[in-house]
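In this text the structure is predicted, and so the values were computed from the model without any measurement.
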There are 2 protein chains.
Amino acid sequence: MKYALNRNIFNLVLKIVDNMADDAPMSETPTLAEKVSTELTTAIVRGELKPGARVSEQMLVEKYGGSRAPMREAIQKLEARHLLIRIPHAGARVVSLTLAELRDIYEVRVELESMACRLAAERMTDVEIAELQQLLQNHEDSIKAEQGQSYYQKAGDLDLHYRLIRGSKNDRLHQMLCGELYHLVRMYRYQTSTSEKRPLQALQEHQRIVEAIAARDAELAELLMRRHIQTSLRNLEQLLAEEEGRA
Amino acid sequence: MKYALNRNIFNLVLKIVDNMADDAPMSETPTLAEKVSTELTTAIVRGELKPGARVSEQMLVEKYGGSRAPMREAIQKLEARHLLIRIPHAGARVVSLTLAELRDIYEVRVELESMACRLAAERMTDVEIAELQQLLQNHEDSIKAEQGQSYYQKAGDLDLHYRLIRGSKNDRLHQMLCGELYHLVRMYRYQTSTSEKRPLQALQEHQRIVEAIAARDAELAELLMRRHIQTSLRNLEQLLAEEEGRA
DNA sequence: AATCTGTATTTTGTATACAATCTTGGACTA
DNA sequence: TAGTCCAAGATTGTATACAAAATACAGATT
């Protein structure tokens with residue numbers, strides 16, 4: 001029962017982040033290749049397909065139906081998102097990030113998201129900022145109400161980051177962050193683990209960030225966001241070190 | 001004669017930048033799809049295929065030979081690089097950037113390249129920095145020798161930026177800058193025009209940047225690079241305004 | 001004249017077949 | 001035992017054919 005609830009919340013979180021990376025046309029009659037590529041994406045992000053696992057065209061045909069042509073296209077789409085790595089004549093594998101590569105990704109993410117925060121402070125409308133404050137108020141209430149429901153906090157965390165990125169009003173920036181980097185971060189679930197550890201601290205950091213934005217203090221907002229993500233990077237590295245020691 | 005020389009230099013420049021974006025496997029037996037995708041890329045960057053032009057699979061078959069399957073794959077590769085925009089059932093067109101989109105791209109580029117410069121100041125080896133200084137010395141000599149050969153300066157400009165990006169030792173950063181953003185910047189040739197206008201000023205800015213890196217002053221290096229690119233952005237906007245007025 | 005509509009054409013999406021290449025497993029050798 | 005080589009099997013790259021969708025154009029209508 002409790003697990004079932006958590007799974008629902010987990011799906012909610014996935015949905016929110018999926019909306020962040022809403023690069024799929026979502027047309028009325030989606031192509032088979034599109035359907036398969038979105039299914040494959042969630043399968044990889046959820047860990048049903050583990051890093052390093054081979055993804056052959058035949059396998060996808062058996063799993064999703066259809067012929068090899070659309071499967072091939074789906075694989076190529078995921079290669080473009082850096083979720084699969086394709087080697088000519090040899091096939092595709094789920095990307096398997098080394099620690100160094102994950103650090104590289106976080107390094108870029110820190111830079112781009114703090115930039116997004118700076119731009120958001122300059123460009124968000126007053127209405128959008130008010131909605132931001134409302135969102136944080138809701139988070140605070142839910143945290144005070146149920147200490148254990150860290151999933152809500154995680155969803156809120158993602159939602160806030162999402163709004164700030166959109167608030168930058170820079171579509172290319174949004175595309176790079178949500179369409180490329182976040183998939184990989186999600187996939188390793190590190191973000192999940194880390195944010196669970198410090199829900200209240202994260203909320204306070206968020207509050208300061210939104211305060212800075214409300215004051216239109218772009219420099220401060222950028223600095224605070226930079227620290228906020230760098231903290232989560234340090235948590236991530238600590239987690240990796242622990243996992244390394246265990247293995 | 002003079003034009004032929006310039007064309008050669010232009011090709012040299014293209015080659016240098018192509019190396020920057022060396023994301024193609026370049027295997028011994030390249031796939032037809034790979035060959036077509038690289039050819040298509042240079043065709044678009046050179047302007048042989050103009051923004052907004054349709055790129056049908058049949059057209060590629062007639063131009064490059066083979067069947068539709070590899071052409072489809074080549075089109076998808078260029079879609080991943082944001083050089084083509086594909087609409088389901090409707091086909092692909094060469095991307096046509098609005099002024100706002102180009103500003104977005106430059107905004108991200110400023111952030112990422114100044115970041116790369118900061119990291120380069122921290123991570124480049126002394127040998128690499130010495131090579132950087134040698135490169136600048138060569139540029140200075142060639143500028144003093146032949147004032148008119150601005151193409152050399154452009155190639156040198158790109159070469160320097162390339163080395164700094166590599167010097168960040170962050171593969172993901174390199175990939176995003178060279179594999180995605182630069183193609184688009186190149187395509188519009190704005191970079192070309194702007195750097196032609198101020199070869200000496202650019203050289204001086206480069207010298208200060210490299211000085212900061214040699215002093216391992218990462219903050220200063222980042223700041224200088226940020227200003228350097230922001231200047232070129234301002235030049236770009238000015239050029240666009242002029243073109244707007246002319247049209 | 002401009003707009004709408006329906007048909008014909010073109011183009012893409014998908015399925016299937018064949019050729020080229022890689023992977024896997026085992027036998028063989030040093 | 002470790003490494004190499006080779007052949008069978010599996011997988012991808014490419015070609016061709018058909019179905020579905022969008023585009024283009026001609027004709028009708030207001």
Side-chain angles (χ1 to χ4, degrees), chain A residues 23-41 43-44 48-96, chain B residues 23-41 43-44 48-96:
Chain A
D23 42 8
M26 275 293 173
S27 78
E28 50 219 55
T29 48
T31 310
L32 179 54
E34 285 174 2
K35 280 190 274 189
V36 172
S37 75
T38 59
E39 294 237 15
L40 247 186
T41 299
I44 291 177
E48 296 164 16
L49 281 170
K50 292 180 182 174
R54 284 199 62 168
V55 177
S56 77
E57 298 168 5
Q58 187 58 37
M59 180 191 108
L60 294 182
V61 167
E62 287 160 9
K63 193 168 182 179
Y64 298 105
S67 77
R68 271 182 55 211
M71 305 304 131
R72 230 179 132 68
E73 190 152 337
I75 287 177
Q76 259 202 285
K77 279 185 190 301
L78 265 72
E79 185 194 19
R81 294 181 199 170
H82 306 286
L83 286 176
L84 292 180
I85 291 182
R86 221 157 65 105
I87 297 173
H89 301 285
R93 289 178 179 279
V94 178
V95 66
S96 178
Chain B
D23 43 5
M26 274 293 173
S27 81
E28 49 220 58
T29 49
T31 313
L32 179 54
E34 286 175 2
K35 279 189 276 190
V36 172
S37 75
T38 59
E39 294 237 15
L40 247 187
T41 299
I44 291 176
E48 295 164 16
L49 282 170
K50 293 181 182 175
R54 283 200 64 166
V55 176
S56 77
E57 299 169 4
Q58 188 58 37
M59 180 191 110
L60 295 181
V61 167
E62 286 161 9
K63 191 168 183 180
Y64 297 106
S67 77
R68 270 181 56 210
M71 304 304 129
R72 233 179 127 69
E73 189 152 339
I75 287 177
Q76 255 202 288
K77 279 185 192 299
L78 264 72
E79 187 194 18
R81 294 181 200 170
H82 305 287
L83 285 176
L84 292 181
I85 291 182
R86 221 158 65 105
I87 297 174
H89 302 284
R93 290 179 178 278
V94 178
V95 65
S96 179

Nearest-Å distance, [atom1] ([X]) to [atom2] ([N])?
X	N	atom1	atom2	value
Glu57(B)	dA17(D)	CD	C1'	15 Å
Gln76(B)	dT14(D)	CD	P	14 Å
Ile75(A)	dG13(D)	CD1	P	9 Å
Lys35(A)	dT14(C)	NZ	P	9 Å
Glu73(B)	dT12(D)	CD	P	12 Å
Met71(A)	dG13(D)	CE	C1'	17 Å
Arg54(B)	dA22(D)	CZ	P	12 Å
Gln58(B)	dA15(D)	CD	P	13 Å

Any ion pair linking Arg86(A) and Glu73(B) (charged N to carboxylate O, less than 4.0 Å)?
yes
Check every atom of [options] against the side chain of [X] and return the nucleotide holding the closest atom.
X	options	value
Ser67(B)	dT11(C), dT16(D), dT14(C)	dT16(D)
Ala69(A)	dA15(D), dA22(D), dA15(C)	dA15(C)
Pro70(A)	dT14(D), dG13(C), dT14(C)	dT14(C)

For the student: nearest non-hydrogen atoms of Val36(B) and Met71(B), plus distance:
CG2-CE, 3.8 Å
On a heavy-atom basis, the closest approach of Ser37(B) and Lys77(B) is OG-CD, 3.7 Å
Is there a side-chain polar atom (N or O) of Arg68(B) under 4.0 Å from OP1 or OP2 of dG13(D)?
no
Side-chain N or O of Arg86(B) versus OP1/OP2 of dA22(D): is the shortest distance under 4.0 Å?
no
How would you label the contact of Leu32(A) with the nucleic acid (heavy atoms, under 4.0 Å): base, sugar-phosphate, or nothing?
sugar-phosphate
Hey, are the side chains of Ile75(B) and Glu57(B) touching, using non-hydrogen atoms and a 4.5 Å cut-off?
yes
Between the main-chain N or O of Met59(A) and the side-chain N or O of Ser56(A), is there a donor-acceptor pair closer than 3.5 Å?
yes
